[in-house]
**Student:** 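Have a look at this one before I ask anything.
As the structure is a computational prediction, the values presented were derived from the model and not from experiment. No hydrogens, no waters, no symmetry mates; every other heavy atom, side chains included, goes into these values. The first residue in the sequence is number 1, and the count goes up from there. Both counts, for ligands and for their atoms, begin at 1 and track the order of listing.
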Amino acid sequence: MKALEQLVRTNIWNLQPYASARHEFEGDAEVFLDANENPFDTGYNRYPDPLQWELKQAIAKEKKVAAANIFLGNGSDEAIDLLFRIFCEPGQDNAIILPPTYGMYKVSADICNVQLQEIPLNNNYQPQVVEILARANEYSKLLFLCTPNNPTGNCFEERRIRQLLTNFPGIVVLDEAYIDFAKHTSANQWLAEYPNLVVMQTFSKAWGLAGIRLGMAFASEAIIALFNKVKPPYNVNQLTQQKALEALQNADQTKEWIQTILEQRDYLEKELKTLAVVEKVYPSDANFLLVKVQDPLALYQYLVKHKIIVRNRSKVLLCEGCLRISVGTKEENQQLLKALKEY
Ligand SMILES: *Cc1c(COP(=O)(O)O)cnc(C)c1O
C-alpha cells in the first residue's frame with residue numbers, strides 16, 4: 001500500500017471539516033443554548049451524538065473491534081459513497097470491482113464520475129488475483145471484494161483475499177454484509193495486519209433492521225478519521241442509534257434468527273435440488289440461494305402470479321439462467337416450494 005496521503009484526494013486531505021455545536025463542546029453542562037434547538041423536551045429536540053460513542057462502545061464489544069476503528073453510516077451505502085469521495089479524484093482515479101457483484105459500487109462510482117475497471121470472477125466465482133494485480137495502476141484507489149458475494153452467495157478464498165491485501169496498491173474494501181451467515185469469521189480481526197483494509201458490515205440483514213439504515217465500516221484510525229471528516233455531521237439519527245443499541249442488548253435474538261435462517265437455507269437447498277425445473281443450486285454462505293433454472297423469466301413471472309417475488313439475475317454476467325431467492329420463514333419457503341412443485 002502507498003502512504004495514505006498519496007491515496008487520498010488532495011482536497012479531502014486538506015479539508016477543514018464542519019465543526020458542529022455538539023462537536024465543539026463536549027462535557028457536562030446544564031443549559032444548552034449553542035445549537036438553535038427547540039428547548040422544549042420532545043425526546044428528540046436535541047441533535048444526536050455526531051460520533052455515536054455509546055452505540056460504538058456496544059458495537060465494539062459485540063464485534064471485538066476498538067470503537068476508534070469503527071465508522072457508522074446511513075447504511076453501508078453511505079460508506080461506499082464516502083469511500084469514492086475520499087479516495088477517487090473524478091475523471092482521473094479508478095476503482096476495481098469483480099462482477100457479478102453488488103450493484104451499488106457501480107452506481108456510486110457513476111454518481112461520482114469515477115472510472116471502474118470490471119474484472120469478472122472466474123468460473124468458480126473467485127477473484128482472478130493475477131489479473132487484478134496486473135490491471136491495477138497508479139490511479140487504482142479502491143478494490144471492492146464482496147464476500148460472501150451478492151448474488152453468487154459464496155465466500156472468496158482467504159488465500160486470495162490476503163494476496164490482494166498484501167499486493168494491491170490502494171484500499172481493499174471487504175463488503176461483509178452477509179458475514180453472519182458464513183462459515184468463516186470476519187476479516188475485521190485483521191485490521192492490525194493490513195493498513196489498507198476496510199471491512200463493511202450492516203444491520204440490514206442478520207440484525208433484521210434494514211429499515212433503520214445503519215452500516216458499519218471497520219478500518220485503521222487514520223481511515224476512520226477521513227470518514228468522520230467527510231460525512232454529514234449528523235448522518236446517523238437518534239432513533240436509529242437507540243434502535244441499534246436495543247438490538248445489541250438483545251443480540252441473542254439475532255443469533256437465534258441466524259440459526260433458523262441457516263436451517264431453512266439447508267432445507268430450501270435440499271428441496272430445490274429435487275425439483276425438475278431446477279438445474280443447479282449454488283452453495284451459499286449467505287441468506288439467499290442462487291438457483292439455475294430452465295426458463296428463468298417464465299418461472300419468475302409464474303411466481304409473481306402466485307404473489308411470490310424473487311430476484312431475476314439471469315441477465316447478469318456468469319449468472320445466466322439464475323434466480324436469486326432469499327431464505328424466508330419456514331411458511332414462506334414452503335409456499336415457494338409448493339408453487340414450484342405445481343409449475
Ligand atoms: C444488502 C447489502 C448491503 C447492505 O447495504 P445497507 O446500505 O447497509 O442496507 C451491502 N452490501 C451488499 C453486498 C449487500 O447485499
**Student:** Side-chain contact, heavy-atom cut-off 4.5 Å: Leu336 with His306?
**Tutor:** no
**Student:** Using a cut-off of 6.0 Å, state whether more than 12 heavy atoms not belonging to Tyr139 lie near its atom OH.
**Tutor:** no
**Student:** Between Arg162 and Glu193 (salt bridge meaning N to carboxylate O under 4.0 Å), is one present in this structure?
**Tutor:** yes
**Student:** Considering only heavy atoms, which protein residues lie less than 4.0 Å from any atom of ligand 1?
**Tutor:** Gly75, Ser76, Asp77, Tyr102, Cys146, Asn150, Asp175, Ala177, Tyr178, Thr202, Ser204, Lys205, Arg213
**Student:** Would you call Asp285 and Lys183 a salt bridge, taking side-chain N to carboxylate O under 4.0 Å as the test?
**Tutor:** yes
**Student:** Are the side chains of Leu55 and Leu248 in contact, using a 4.5 Å heavy-atom criterion?
**Tutor:** yes
**Student:** Under 4.0 Å between a side-chain nitrogen and a carboxylate oxygen: does that hold for Lys273 and Glu269?
**Tutor:** yes
